There are 2 protein chains.
Amino acid sequence: MDALDERKEKILYAIIQNYLETGEPVGSRTISKNSELNLSSATIRNEMSDLEELGYIVQPHTSAGRIPSDKGYRFYVDRLMAEKDQEVSDIKELMIEKTEKMEKLLKQVVKVLANNTQYATMISAPALSKSSVKFVQLSAVDEHHILSVVVMNGNLVKNKIIEVEKPLDNENLLKLNMLLNTNLNGLTVSQINLGLITMLKEQAGIHEDIIAQVLNTVAETIKDSDEGLEIYTSGATNIFKYPELADSQKASEFISTFEEKEELASLISDIEDGETGTGIQVYIGDESPIETMKDCSVVTATYDLGEGIKGTIGIIGPKRMDYKKVMDNLSQLKDQLGSILKKE
Amino acid sequence: MDALDERKEKILYAIIQNYLETGEPVGSRTISKNSELNLSSATIRNEMSDLEELGYIVQPHTSAGRIPSDKGYRFYVDRLMAEKDQEVSDIKELMIEKTEKMEKLLKQVVKVLANNTQYATMISAPALSKSSVKFVQLSAVDEHHILSVVVMNGNLVKNKIIEVEKPLDNENLLKLNMLLNTNLNGLTVSQINLGLITMLKEQAGIHEDIIAQVLNTVAETIKDSDEGLEIYTSGATNIFKYPELADSQKASEFISTFEEKEELASLISDIEDGETGTGIQVYIGDESPIETMKDCSVVTATYDLGEGIKGTIGIIGPKRMDYKKVMDNLSQLKDQLGSILKKE
DNA sequence: TATTAGCACTCCAAATCGATGAGTGCTAAC
DNA sequence: GTTAGCACTCATCGATTTGGAGTGCTAATA
């Protein structure tokens with residue numbers, strides 16, 4: 001990478017900051033006036049010309065001011081990241097009411113975050129693929145319906161009604177409950193494989209047919225939560241606040257990806273795989289894998305519930321978003337969320 | 001109401017249909033050419049002038065063609081409604097895969113509908129306020145957590161983890177289960193009142209403190225589903241297809257109400273209360289109670305699962321929507337949905 | 001040699017102007 | 001009652017103009 005001398009760095013930094021505030025291309029005269037280094041606009045112009053050649057800034061058209069390129073933003077963000085470690089952030093607590101249901105909590109979190117930042121936000125529920133079974137219970141609701149309830153680590157509950165042809169008597173139900181609990185307890189989803197299932201079927205003996213169905217359904221119940229990576233979003237309409245994203249073509253596509261959520265899900269699983277360590281990631285423009293977000297930046301944080309259970313919070317906004325505020329918000333929230341959810 | 005002679009009716013009808021197709025204000029000459037009544041544009045002009053005075057059509061500005069007013073649309077829709085009864089609709093089956101989970105089913109329905117009509121759609125899950133308790137089960141997950149599961153009529157399941165200080169032994173758990181099932185079985189949410197709750201508490205005797213919490217939580221669990229009227233939406237971004245709704249101000253507000261859903265919920269409960277009988281309602285412009293939809297029309301259908309359990313499907317689009325298609329779609333879907341859900 | 005002042009040049013954005021054409025209302029004739 | 005004809009209105013579109021912000025280059029300066 002090409003090194004910038006200190007003056008160039010200062011100028012670049014000033015350009016970016018100014019652009020973040022105003023959203024307008026910034027000219028040499030502006031920098032010359034609002035910066036501590038006392039240089040004439042002409043000198044700044046020369047330096048800007050260099051910076052452009054190096055790829056940090058671009059001109060939207062000849063004889064307009066300069067705006068940061070993706071490379072420029074990257075420079076800015078990396079510098080922020082470095083600063084962040086020493087610095088003590090002083091944002092006021094984000095007010096999150098403690099609620100019982102995780103779903104409500106997550107919905108509230110995205111909402112608060114969207115309000116606070118004025119960008120679009122998303123959050124994924126903790127992925128259960130690595131969570132393990134804590135408790136299984138089958139009970140007869142009526143003659144033809146058995147209710148199966150599975151409690152996972154972290155007290156997440158999944159349930160399902162199973163249809164059976166013949167009623168199952170109490171004794172067998174009890175047996176089955178025992179069998180399931182002793183064999184499934186403590187297992188993660190990935191550990192419940194076909195081998196185990198056939199083994200259980202055999203052990204179940206006489207009621208094999210009914211039991212097969214029950215077992216399959218239990219496995220399915222648990223797996224369900226794995227595939228459908230639950231995602232909550234908020235503030236998608238905030239993009240209308242940023243003219244560079246608000247033309248109806250782009251806005252429509254953008255909000256669609258928020259409505260559909262599949263693409264967000266793939267984005268999130270990408271992120272959770274390639275984790276850095278600090279827990280905060282920034283994707284600028286093209287760096288994001290989602291086509292409709294080429295003009296945006298995505299900032300994400302992974303929150304951690306221990307035992308390998310993770311979820312992701314994300315903020316999507318214009319490239320000229322207030323990275324500092326966003327990163328502070330996220331890193332605070334990520335810790336807060338982790339500790340709240342662990343307690344539940 | 002003022003009666004229209006036949007010729008006026010025909011002209012009005014022609015104006016509306018033409019406008020629905022083109023979205024452009026329609027002039028006297030157009031009507032004069034494309035209609036079976038052979039009249040010159042001048043005559044049409046005179047009639048149009050009358051129709052305007054009567055409030056059925058308006059001019060967006062002097063010396064432009066006419067467009068239907070809300071009153072005009074109302075005339076058109078009422079006429080459609082009347083025709084609808086005799087007519088056999090011949091739309092091809094909307095393809096809905098049968099899935100196990102109601103949630104998935106509903107999500108799929110709104111999606112299919114949005115795709116098919118190219119408008120924004122919403123659906124409410126069946127309201128449980130009139131549904132009754134079928135089965136209650138408490139089970140000890142570990143020393144400090146009791147899992148309560150409530151199955152409602154229609155096999156809808158609600159569950160909740162209750163924290164308790166002291167472990168509850170098996171015997172007491174069993175007693176409690178008996179108590180709850182015998183007393184709550186068959187009751188609707190509205191029938192579970194404070195009196196009943198205190199009565200149950202007394203009967204529970206020794207463990208009153210723990211039991212109070214359990215009972216409260218059960219009641220709360222059931223009520224939860226009542227307040228939070230679950231709503232699924234799709235195709236909100238379709239409004240960008242209709243220029244008259246697509247300016248960023250309006251679009252932003254519109255999509256916001258779709259994102260938030262609270263307002264939709266109140267709209268839906270309004271609708272479910274004031275039901276007509278045919279099951280299809282049309283709200284044109286100002287007739288809708290939601291502020292952000294003054295420029296839209298809302299068409300809804302109530303689907304019925306029997307026993308007073310109802311849900312609502314809705315389509316929101318521009319006033320110049322294809323009412324016929326929309327109404328046909330909805331009335332077909334409403335029946336289909338009813339029968340699918342009843343079977344589950 | 002680095003910095004600066006000055007000036008010509010570029011280009012966008014907003015304002016202005018006129019032409020076009022669709023559509024009306026009115027009047028007078030049929 | 002219907003129609004032809006005509007003057008008038010008004011939104012839309014394109015071309016033109018203008019103003020201003022900003023650049024690049026050159027020559028002068030420290």
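Letters go in sequence order (proteins before strands), and every chain restarts at 1. Keep in mind that this is a model prediction, so the values were computed, not measured.
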(message) Nearest whole Å is fine: how far is D:dG1 C1' from B:Asp5 CG?
(response) 13 Å
(request) Would you please test A:Glu9 and A:Arg79 for salt bridge (Lys or Arg N to Asp or Glu O under 4.0 Å) and show each step? (result) CA-CA 11 Å; A:Glu9 272 199 16; A:Arg79 192 156 142 171; 3.2 Å; yes
(message) How many whole angstroms separate atom CG of A:Asn46 from atom P of C:dA2?
(response) 11 Å
(request) To the nearest Å, give me how far apart CD1 (B:Ile67) and C1' (C:dG23) are. (result) 14 Å
(request) Please report, rounded to the nearest Å, how far the C1' atom of C:dT24 is from the CD atom of B:Glu47. (result) 16 Å
(request) Rounded to the nearest angstrom, tell me the gap between atom CD1 in A:Ile44 and atom P in C:dT4. (result) 9 Å
(request) Validate the cation-pi geometry between A:Lys319 and A:Tyr73: distance from NZ or CZ to the six-membered ring centre under 6.0 Å, angle to the ring axis within 45°. (result) no
(message) Exactly one of B:Val112, B:Asn329, B:Asn238 should register a side-chain contact (heavy atoms from CB on, under 4.5 Å) with B:Thr117. Which one does?
(response) B:Asn329
(message) For a quick check, with a 4.0 angstrom heavy-atom cut-off, what is the B/S/- contact string for nucleotides 6-13 of chain C, read 5' to 3'?
(response) B---BBS-
(message) Restricting to salt bridge (Lys or Arg N to Asp or Glu O under 4.0 Å), what partner residues turn up for B:Asp295, sequence neighbours left out?
(response) B:Lys250
(message) Ring-plane angle category for A:Tyr13 and A:Tyr76, please: parallel below 30°, perpendicular beyond 60°, tilted otherwise.
(response) tilted
(message) Quick check on salt bridge (charged side-chain N to carboxylate O under 4.0 Å, His left out): which of A:Glu21, A:Glu24, A:Glu244 does A:Arg320 satisfy it with?
(response) A:Glu244
(message) How about CZ on A:Arg74, more than 12 heavy atoms from neighbouring residues, nucleotides or ligands closer than 6.0 Å, or not?
(response) yes
(request) Output the single nucleotide from D:dT23, D:dT2, D:dG24 whose closest atom is nearest the side chain of A:Met48. (result) D:dT23
(request) Could you check A:Glu47, A:Glu53, A:Glu52 and say which one makes a salt bridge (charged side-chain N to carboxylate O under 4.0 Å, His left out) with A:Lys8? (result) A:Glu47
(request) Give me the residues of residues 28-41 of chain A where at least one heavy atom lies under 4.0 Å from an atom of DNA chain C, by number, or none. (result) A:Asn38, A:Leu39, A:Ser40
(message) Less than 4.0 angstrom between a side-chain N/O of B:Arg66 and OP1 or OP2 of C:dT24, yes or no?
(response) yes
(request) Grab the CD-P distance between B:Glu52 and C:dG23 for me, whole Å please. (result) 15 Å
(request) State, to 0.1 Å, how close A:Glu287 and A:Val282 come at their nearest heavy-atom pair, and which atoms those are. (result) OE1-O, 3.6 Å
(request) Round to the nearest Å and state the distance from A:Arg7 atom CZ to C:dA2 atom P. (result) 10 Å
(message) Please report the distance, rounded to the nearest Å, between CD in B:Gln59 and C1' in D:dC8.
(response) 13 Å
